[in-house]
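All values reported here derive from a predicted model rather than from experimental measurement. First the proteins, then the strands, lettered A, B, ... as listed; each starts at 1.
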2 protein chains.
Amino acid sequence: MASSASPIRVRTHEILTHVGERVILQGWLHNLRRLGGVNFIILRDGWGTVQAVTEDEADLAPLLQEGLGVETVIRLTGTVVATPQAPGGVELHQPELAVITPVQEAPPLALNKRRLRAALPTLLDHAVIANRHPSRRAVFRLAAGLMAGFRAALADRGFTEIQTPKIVASATESGANVFTIDYFGRPAYLAQSPQFYKQIMVGVFERVYEVGPVFRAEPHDTARHINEYVSLDAEFGFIQDHFSVMALLREVLAHMLAHLAEAYAPELALLQLSLPPVPATIPHIHFADAQELIFQRHGVDVRGEPDLSPQDERWLGAWAQAEHGSDFLFVTGYPMAKRPFYTHPDPNRPGYSNSFDLLFRGVELVTGGQRLHRYPDYLAALEGAGLSPEPFATYLEAFRYGMPPHGGFAIGLERLLMQLLDAPNLRLTTLFPRDMTRLAP
Amino acid sequence: MASSASPIRVRTHEILTHVGERVILQGWLHNLRRLGGVNFIILRDGWGTVQAVTEDEADLAPLLQEGLGVETVIRLTGTVVATPQAPGGVELHQPELAVITPVQEAPPLALNKRRLRAALPTLLDHAVIANRHPSRRAVFRLAAGLMAGFRAALADRGFTEIQTPKIVASATESGANVFTIDYFGRPAYLAQSPQFYKQIMVGVFERVYEVGPVFRAEPHDTARHINEYVSLDAEFGFIQDHFSVMALLREVLAHMLAHLAEAYAPELALLQLSLPPVPATIPHIHFADAQELIFQRHGVDVRGEPDLSPQDERWLGAWAQAEHGSDFLFVTGYPMAKRPFYTHPDPNRPGYSNSFDLLFRGVELVTGGQRLHRYPDYLAALEGAGLSPEPFATYLEAFRYGMPPHGGFAIGLERLLMQLLDAPNLRLTTLFPRDMTRLAP
C-alpha cells in the first residue's frame, strides 16, 4: 500500500509486514518513557506491544494536557520504521496520538514491568487487570492452544464433540464433594465430571469428547485445588483394553504440545518455556511392579498399599527419567479398591484394574482406563459397592441395551498448564479461579 | 490390500474404498431381516449402517442360539461387494458374525425404523437410547458442526478462546432467574451468561469467544424454554458501533452454515435439511421504522411500544422475505428501556440503543450490540437503574482502567439448531435437556 493512501489499522503482530507505511495502531498506553528529550510511547494491543518515538513534546499533548496515564486507550498513527535496536525490530515515527478512553488513576498493579510483581492474593483480587499483563496473557493463550490442540487431535480421529448437562439429578458418581443447587424448589447437583454422559454417548457416536467446566466441592485449601476447572474428556468404544486408551492419550498429548510449539512460539518465548518431548512410546509400569521397584531402589516397603503416595510418584518419575529418559510414565493396574465402581478389572488379576495414571515428572497428570461394559457387571459392581441401582437407572439403560468395550480419560486443563509452566499455584492457570473462599472476580 | 491379508476394521463411512476386500466392521445389530431364505444383517456403527447378506442360516447362529436381538454389539467380518441396489451401494458377503455384548431385551424405542416414532416424553425419558437413532445422531452432529464452525470463524479473525467461571458471587446481571448454589455454606449463583467476563476479557485479548453452558432459572414450561443451554459468545473491541458487531455476526453465521454444508452433507441429507443462504448484506431496519412499517402494512399501531411482539417479528420476517428475499433481518436500535444497563445508547437518539436483534424467518435468533465502555457512563447507568455499584466492583474495575468501544453477541446453540431444523420443541435439539421438571437422564 502506498503511504499516501489512508492508513489502515494493523495489529502489533502484523506490523513487520508494513515497514515504510503509515499505519494506525489501537490499544492501551502500556508505558510512556521520557528520556532526555526522547519520548517513547509504548502501545499494547491484544497481541503485543510496539513503541513509537518522538522528540516533539507536542506529540504527547493529548495525554499530558489531561494528566492521563497508563491504560488510557489510544489510537496511534505513525510510520513503521525498521529499527534493529527496537524491541521487535520496528518502531513508529512521526506519531499522532489520539485518546479513545482516558485513564488518570494508576492501576492497582504495574502492568508494564517485565515481571508482574504482586503477592498472590493481590494478583487474584485484581485479576481483571492483572490478566492484561503480557506474561498472564501468554498463559491463557496457551490454555486456548491446549484446548484447540485437544479438539483437533480428536476430531482428526473421528471423535464427535458433545455438550452434556452440568446440572444433574443425583450426587451419584462419587457420592461426595458435590455442590447442591436449588432447582425450582428441589435439590440438584453440579456435575463433578461428564463421566456417565460421555460413556452413554459412546453408545451413540462411539467416539466422543467434551471440553467444559466441572465442579468439585472439595474442602481443600491447597495450591493444587480449585473448585471449578476445565476438563478435557475423551471416551471411545471397541477398545482392546486400557492400553488402547493410553495409546490414544499419548497421541493426543503429543498433538497438543506440537500445536503449542507450532502456533504459540511467541508465548512460549515470553514465558521462557520449553515443552517436554512426548516419547513415541511412553514407558509403563504395573502398580505392583512400581511398589516392588520402590522397595528395591529406596528400601521403603509400600507393597500392599492400595495407592501411591506423592513421594512414591516422585520416585517413579525419577526412575522413568533415569531409566527411559522420559518425563512421562504410565502406571497401570491400580487396585480395584481405590477406583470407582465402573472401572474394568484386569481379567487375569481381578484385584487390579484396567486403569492407569499418567505421571508427568513424578506428578499425576491424567487418569483413565477401561470401563465395565456389560450390564450384569454393573449390577454386580453396584451391589459390591453397597450402592442401590435405582439412582443409576438412566445410566444403566445404556448398558442394558448394548455397549462395546470402552474407555477414556480426563485431562485437567489447569493442572496440565500448571505442570508445563511449573507454576507454584493452580490458581495462576485459570482466569478467575474459584476456591473455598474466592468467588470474585 | 490383498484379500488374503488379515482383515482390518473399517468404519461404515469408509467402506466404499474397500470394495473387493475382506474387512471387519464393529457396531450394533441395527436390524435383522429374514426374507424368504435371504437374511440381511444390518450393522450400525458410530457413523452409519451397512448390510450383510447371507442365505446360510448358520451364519446367524451366534445370534439365534442365544435369542439375541437388536442393539447386540457385534463384529462382522465380510467381503465388500459393490451392489447398486443396496443402501449406500455396497454390502458384505460371506459374513462371519461374532457377538461382543449380548442383548436379549428389546429397547424401549424402535431404533431401526426410518423415523423415530415416540411421544416427546418417552423420547426424552429414554434419550440415552433414543439418541442412538440415526436421525437424532444427525441433529447432534450438526450441533458439533455449528460449534466447530463458530470457533473456526472467530479463530480466523484473531479471537482467543476463553473459559469463564460458571459459579458467580452475585445475581447481578439481570437480578432474577438465577439458580442458587450452596457454596461452602454461603450462597452463590450459576452464571446466566458470560457477559461480564467476556467484556472484562476484551481488556485482555481485545477479541474473545466462549462456547459453554449457561443457566436460566426461568419458570417457563414452553416448547421454547430449557434451563441449561449452550451459548456461543463473542465480544470484541475497537468497534465503530453496533454495525461492526452485526457485520461480524453475519460473517460468523455464514461461516457456520458453510461449514455444515461442506462437512455434514450426509447429516443434512438424512434430515432432508436445506440450509438458508446468508445474504452478503443482511437487511436491517431501525426499531422505530419497523413499528411504522407494521402500522403502514398491517394497520396495527404498535408505535411507542417498548418491544416487538412475536406477531410483530413475524410481520417483519415476512417483509424481509418479500422486500429483500432474505430469511434474515436485523432490527436495530431497540429502546434503552428494554435493554440491560450496560447497553450503549445511540448518541444521536438517546432513547434508542446501539443494540440489535437478528430475526430468522420472523423469530429472534441472536441478540447483540455495543456496550458502554467509559467508567463514568457505567456509574451513571447503574444509578439510573437504581442499582448499587458495590456488587459490580470487580466488573467495574475493567472500565476504571481503560476499555475501548466494544460489543458482541450471543447465539443460543439449541435455538439456532431448532430454527434451522424447524423443530417443534427446543428439547429436541439438546442431548439431555433440563427443564422445570426434567433433571434426568
Side-chain angles (χ1 to χ4, degrees), chain A residues 11 26 28 45-46 71-73 100-101 103 105 107 126 128-129 131-132 137 141 144 147 158 160-169 179-184 188 197 200 203-207 212-213 219 228 230 238 373-374 394 397-398 400-404 431-432 434 436 439-441, chain B residues 11 26 28 45-46 71-73 100-101 103 105 107 126 128-129 131-132 137 141 144 147 158 160-167 169 179-184 188 190 197 200 203-207 212-213 219 228 230 238 373-374 394 397-398 400-404 431-432 434 436 439-441:
Chain A
R11 295 179 274 157
Q26 296 189 119
W28 288 257
D45 68 7
E71 297 306 300
T72 290
V73 181
I100 297 174
T101 311
V103 172
E105 192 183 0
H126 297 286
V128 164
I129 301 304
N131 289 343
R132 295 182 182 182
R137 298 204 308 195
R141 278 229 220 266
M147 289 190 279
T160 296
E161 180 179 6
I162 56 173
Q163 295 274 346
T164 64
K166 303 308 162 208
I167 302 179
V168 296
F179 289 112
T180 306
I181 313 167
D182 174 2
Y183 196 79
F184 298 110
Y197 287 106
I200 287 168
V204 175
F205 288 130
E206 189 184 312
R207 302 179 191 178
E228 174 179 349
V230 177
F238 299 102
H373 61 279
R374 295 174 203 87
T394 63
E397 194 172 49
R400 193 160 168 177
Y401 300 108
M403 281 286 281
L431 287 173
F432 303 104
R434 294 293 176 255
M436 284 185 70
L439 270 169
Chain B
R11 295 179 275 157
Q26 296 188 118
W28 287 258
D45 67 8
E71 297 305 300
T72 290
V73 182
I100 296 173
T101 312
V103 173
E105 191 182 0
H126 297 286
V128 165
I129 301 304
N131 289 345
R132 295 183 182 182
R137 299 205 306 196
R141 278 229 221 265
M147 290 189 279
T160 296
E161 180 178 6
I162 56 173
Q163 294 274 346
T164 65
K166 303 309 160 208
I167 301 179
F179 290 111
T180 306
I181 312 166
D182 175 1
Y183 195 79
F184 298 111
L190 286 184
Y197 287 106
I200 288 169
V204 175
F205 288 132
E206 189 186 313
R207 302 180 190 177
E228 175 180 349
V230 177
F238 299 100
H373 61 279
R374 297 175 203 86
T394 62
E397 194 171 49
R400 195 162 170 173
Y401 300 108
M403 281 287 281
L431 287 173
F432 302 105
R434 294 292 176 258
M436 285 185 69
L439 271 168

query = What part of A/V128 lies closer than 4.5 angstrom to a heavy atom of chain B: side chain, backbone, both or neither?
reply =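 Both parts, backbone and side chain.
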task = Heavy-atom distances under 4.5 Å only: say whether A/R400 touches chain B with side chain, backbone, both or neither.
result =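 A/R400 touches chain B through backbone and side-chain heavy atoms alike.
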ask   = So, the side chain of A/R137 versus the backbone of B/F205: is there a donor-acceptor pair under 3.5 Å, distance only?
value =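 Checking the backbone N and O of B/F205 against the side chain of A/R137, no donor-acceptor pair under 3.5 Å is found.
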query = Between the side chain of A/R434 and the main-chain N/O of B/I167, is any donor-acceptor distance below 3.5 Å?
reply =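 Yes.
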inquiry  = If you count heavy-atom pairs within less than 4.5 Å of chain B, which of A/P213, A/G203, A/A144 leads?
reply    =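 Winner by heavy-atom pair count: A/G203.
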task = Mind ranking A/P107, A/G212, A/A188 by heavy-atom pairs under 4.5 Å with chain B and telling me who comes out on top?
result =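 Maximum pair count with chain B is reached by A/P107.
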Using a cut-off of under 4.5 Å on heavy-atom pairs, state which of [options] scores highest against chain A.
options                : result
B/T72, B/T160, B/D45   : B/T160
B/E71, B/E228, B/M147  : B/E228
B/P219, B/P165, B/A169 : B/P165

ask   = Run the side-chain contact (heavy atoms from CB on, under 4.5 Å) check on A/I181 and B/T180 step by step: do they pass?
value = CA-CA 6 Å; A/I181 313 167; B/T180 306; over 6 Å; no
task = List the steps and the verdict of side-chain contact (heavy atoms from CB on, under 4.5 Å) for A/L439 and B/Y183.
result = CA-CA 9 Å; A/L439 270 169; B/Y183 195 79; 3.7 Å; yes
request  = Quick one: pull up CE in B/M403 and CD1 in A/I100 and give me the separation to the nearest 0.5 Å.
outcome  =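 Reported to 0.5 Å precision, the distance equals 12.5 Å.
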request  = Could you tell me how the ring of B/W28 sits relative to the ring of A/F238: parallel (under 30°), tilted (30 to 60°) or perpendicular (over 60°)?
outcome  =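 B/W28 vs A/F238 ring planes: perpendicular.
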inquiry  = Can you see whether B/T101 engages A/R374 through a side-chain donor-acceptor pair at a distance of less than 3.5 angstrom?
reply    =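 Judged by distance alone, the side chains do not pair up.
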Specify the closest pair of heavy atoms between [X] and [Y], including all atoms of both residues, with the distance to one decimal.
X      : Y      : answer
A/A440 : B/T394 : CB-CG2, 4.4 Å
B/E105 : A/Y401 : OE2-OH, 3.4 Å
A/I129 : B/A398 : CD1-CA, 4.4 Å

